[in-house]
Protein chains: 2
Amino acid sequence: MNDVSRISRRIALCSVMETIVHCAPISRASIAKQTGLSKQTISEIARQLEEEGWIRETGRTSGHVGRTAVTYDIVPDRAVIAAVDLGGTKVRAAIADLSCQVLSDVEEPTDKRGGHHVVAQIARLCRQAAAQEGLDFSKVRLAVIGVPGAPESATGRVLMAPNIPGWDSIDVTAALSQELGVESIVENDVNLAARGEHWIGAGADCDDLVLIALGTGIGGGVMVGGELVRGVSNAAGELGFLPFGSDPFEPQSLHMGALERSLGSEGIAERYKELSGRTADVKAIFDAAADGDKEATKTLDETARLLARAVASVAAITNPAKVILSGSIGVRSELVERVHALLPLCFPRPVSVEASALGSKGALIGAAAVGLASLHAALWTAGMQGATIALPSAAIMRERGVAA
Amino acid sequence: MNDVSRISRRIALCSVMETIVHCAPISRASIAKQTGLSKQTISEIARQLEEEGWIRETGRTSGHVGRTAVTYDIVPDRAVIAAVDLGGTKVRAAIADLSCQVLSDVEEPTDKRGGHHVVAQIARLCRQAAAQEGLDFSKVRLAVIGVPGAPESATGRVLMAPNIPGWDSIDVTAALSQELGVESIVENDVNLAARGEHWIGAGADCDDLVLIALGTGIGGGVMVGGELVRGVSNAAGELGFLPFGSDPFEPQSLHMGALERSLGSEGIAERYKELSGRTADVKAIFDAAADGDKEATKTLDETARLLARAVASVAAITNPAKVILSGSIGVRSELVERVHALLPLCFPRPVSVEASALGSKGALIGAAAVGLASLHAALWTAGMQGATIALPSAAIMRERGVAA
DNA sequence: GATTTGTTCGTCCACGGAACGAATTAAATC
DNA sequence: GATTTAATTCGTTCCGTGGACGAACAAATC
């Protein structure tokens with residue numbers, strides 16, 4: 001027997017697993033109803049899954065007419081993944097299990113020495129996170145690492161990550177895989193944040209969205225049809241290089257993009273200085289504006305105009321249902337509200353603009369989402385073209401008490 | 001037997017059809033080798049396909065050791081589709097058959113009365129194209145119509161199509177389906193052009209590309225991972241609304257986008273007038289520049305700078321492997337070369353920029369591509385998630401003598 | 001004779017449906 | 001209130017069928 005004839009079992013198995021992940025605990029009869037497969041097919045598959053340790057009996061139904069049913073549940077720690085959010089100042093790691101719970105979040109300041117030190121730090125944090133849940137690290141099958149910068153898939157290097165010295169010259173993916181002993185996926189952190197919001201955050205209700213992260217710099221995560229857009233060199237969503245805000249043809253705009261120069265935190269501070277003559281960091285400018293400082297208010301207005309233009313740009317190109325603002329600066333309601341007011345003045349179509357729901361956990365949750373989807377795919381769909389096991393919906397996750 | 005158990009046959013059938021479409025004429029033994037299915041499975045399926053009239057014997061192999069093989073081929077006119085490119089000034093229609101040949105291109109000036117008159121005209125042209133190939137119109141299964149504007153899938157109206165009066169208030173899709181008696185798909189013409197270039201044009205070697213059409217106005221077709229990006233309201237690629245070029249917050253920018261106002265043909269002519277005081281249309285400006293007119297040259301420089309910024313914008317957001325310039329103005333080498341020179345000055349990553357290979361036939365070929373893919377899907381994949389029959393590659397099509 | 005094509009035959013996987021026993025609740029009767 | 005009966009649901013066994021594969025073999029050609 002070759003590929004094709006076993007494929008129906010594969011499909012059946014996937015749809016059973018998906019149903020259990022979504023609806024556990026659930027009886028075999030219910031699975032049969034949901035999947036449309038016959039009861040004895042379900043029984044066969046359930047027997048196999050139980051033998052292999054993926055699921056187990058957890059109880060029985062009661063209280064309604066008819067025979068009680070045995071209910072099955074995922075064995076959550078049969079396989080887990082590690083999710084990591086590497087920032088310029090701190091690293092966070094978490095473990096996510098097969099039932100899609102995100103567990104044991106640990107955190108540390110980023111090792112300033114960069115290079116292999118950070119690789120080792122990540123590996124240590126992952127082990128620590130696993131240990132904290134009482135899990136043997138061998139249960140970890142995959143690590144997803146969100147990084148600020150553009151991972152280059154061919155070489156494993158991470159380009160444009162100024163806060164992590166040395167990562168543009170070592171094969172980070174290989175080093176991490178080696179250090180952890182499992183496959184690792186390195187992905188841009190803003191992309192992951194978008195994936196996170198799409199799973200259980202502000203974008204859970206739409207498959208076409210863009211997340212704009214505004215902090216020290218500006219970045220974007222683009223999703224089309226529920227899939228992340230990575231681009232040919234993992235550089236999609238580099239909104240900092242949108243050619244307006246400052247003169248895009250000035251040579252410096254090749255290093256720090258035209259928009260980033262005027263919309264990044266430095267640019268905002270500079271604008272305030274130009275208007276008022278005073279030096280202040282972004283937080284101080286927000287405070288000053290709240291206290292009625294004219295120039296600070298003007299600075300925020302100007303900033304929001306640029307942000308609105310950035311939103312208009314992505315809306316013009318990918319026409320998303322929603323644009324999510326995130327990052328320490330992007331989530332400020334002063335900005336979000338200004339964008340609400342300004343966007344209709346420069347873009348004719350309605351675009352829903354919202355602040356991030358997951359905040360600083362976005363990238364970590366996104367890493368979990370990517371990792372779990374990838375794990376499911378590796379374990380069960382096994383190369384079936386187009387077949388995927390959807391993650392449980394935001395509604396289900398809320399029900400299970402996973403707060404954002 | 002229900003869905004699941006028949007699925008392996010479905011998959012086998014799809015992969016046999018794909019192989020025949022790609023490699024016809026081909027023997028059953030070769031199909032078996034290519035698909036990995038066993039010889040007798042292929043024989044069974046071939047028998048069924050022949051009975052249903054999809055394929056037929058066309059010859060026998062000879063000249064090599066061993067028994068001669070019977071070769072099979074698609075019955076090309078067993079089912080065909082109609083492809084239509086509706087422009088503001090003319091309508092073109094073509095028939096494309098199952099073997100993916102695009103036949104019998106007919107053309108007419110667009111009926112200026114708009115509305116149902118244009119619907120009727122399209123239907124007539126489609127019938128005419130079929131008749132020209134000696135095909136009974138009942139062979140046509142599907143029509144794909146490229147239109148300038150944004151089709152609204154919910155209502156079937158076509159928004160923002162100023163040259164076709166009335167189409168923003170009638171259900172065009174339904175009217176066409178009714179008039180033709182077959183399902184019809186209405187799609188933005190620039191999107192289709194992108195799809196066409198991706199199939200057998202300048203973008204045949206990459207799955208992430210953006211086509212920018214520069215003519216009277218400016219539009220974009222975005223492909224990510226080999227799929228068209230339509231956006232939540234079919235308005236992806238509305239590059240005219242990129243917020244630079246003119247002041248995006250001027251109220252008029254809500255009607256004609258900021259970039260379109262300065263990069264559309266009117267904007268170019270206006271720029272020339274401002275610089276030189278002379279009135280000229282775009283073609284005359286190109287001619288004047290060729291004759292050494294300083295202001296005309298300056299106008300083109302300015303235009304190319306804006307175009308380069310538009311390219312930079314899409315490159316920053318979706319990071320395509322290639323940007324294809326098309327449209328009567330966009331393909332001019334004077335512009336393409338200037339963009340080649342200017343883009344590296346305002347965008348740090350390499351992006352391949354090329355002129356369209358299909359020219360004015362792009363949308364028509366794209367419509368054929370969309371239609372054929374959809375027809376294949378309807379006939380054989382029949383709702384199998386993720387399964388697709390790929391169109392024959394550009395190389396195969398070239399071999400068959402389909403010139404761009 | 002070597003090689004390739006295409007058919008026939010037997011086998012095996014996998015799904016579905018019917019029938020049935022088991023387990024439980026709801027209703028009816030004593 | 002206790003007991004019997006009906007209804008319902010769960011899960012298994014058994015059998016039929018679709019469909020793929022491999023082996024063997026006939027046919028056709030160099």
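Side-chain N or O atoms of Thr19(B) include none that pairs as donor or acceptor with a backbone N or O of Ile31(B) at under 3.5 Å. Using modelled atom types, no side-chain atom of Ser177(B) and backbone atom of Glu183(B) make a donor-acceptor pair closer than 3.5 Å. A distance-only check finds no donor-acceptor pair linking the side chain of Glu187(A) to the backbone of Ala367(A) [under 3.5 Å]. Judged purely by atom type and a 3.5 angstrom limit, Asp208(B) has no side-chain atom pairing as donor or acceptor with the backbone of Val224(B).
A ring pair (Phe, Tyr, Trp, His ring centres under 6.0 Å) check over residues 6-42 of chain A, counting only residues at least two apart or in different chains, returns nothing. Listed by first then second residue, pairs satisfying ring pair (Phe, Tyr, Trp, His ring centres under 6.0 Å) with a partner in residues 38-70 of chain B read Trp54(B)-Trp380(B), not counting sequence neighbours.
Within residues 40-47 of chain B, the residues approaching DNA chain D are Gln40(B), Thr41(B), by heavy-atom distance under 4.0 Å. Residues from residues 61-73 of chain A with heavy atoms under 4.0 angstrom of DNA chain D, sorted by number: Val65(A), Gly66(A), Arg67(A), Thr68(A), Ala69(A), Val70(A).
For the pair Arg10(A) and dA14(C), the criterion of a side-chain N or O lying under 4.0 Å from OP1 or OP2 is not met. One finds a side-chain N or O of Arg28(A) lying less than 4.0 angstrom from the OP1 or OP2 phosphate oxygen of dT12(D). In terms of phosphate contacts, Arg6(B) brings no side-chain nitrogen or oxygen within less than 4.0 Å of OP1 or OP2 of dG16(C). OP1 or OP2 of dC10(D) sits under 4.0 Å from a side-chain N or O of Lys33(A).
Here Glu133(A) pairs with nothing under the side chain to side chain donor-acceptor pair (under 3.5 Å) rule; sequence neighbours left out. Evaluation of the side chain to side chain donor-acceptor pair (under 3.5 Å) rule for Gln178(B) yields no partner, not counting sequence neighbours.
Put simply, CZ on Arg60(A) is 14 Å from P on dA22(C), counting in whole angstrom units. As rounded to whole Å, 12 Å separates atom C1' of dG11(D) from atom CD of Glu57(A). Per the geometry, CD belonging to Glu50(B) stands 14 Å off C1' belonging to dG6(C), to the nearest Å. Taking atom CG of residue Leu13(A) and atom C1' of nucleotide dA14(C), one finds them 13 Å apart after rounding to whole Å. One interatomic measurement links the two molecules: CD of Gln34(B) to P of dT5(C), which rounds to 13 Å at whole-angstrom precision. Separating the NZ atom of Lys39(A) from the P atom of dC20(C) is a distance of 14 Å, rounded to the nearest angstrom.
For Ser8(A), the listed nucleotide lying nearest its side chain is dA14(C); candidates were dA14(C), dC21(D), dG11(D).
Side-chain contact of Glu44(B) with Gln40(B): a donor-acceptor pair under 3.5 Å is absent, judged by distance alone.
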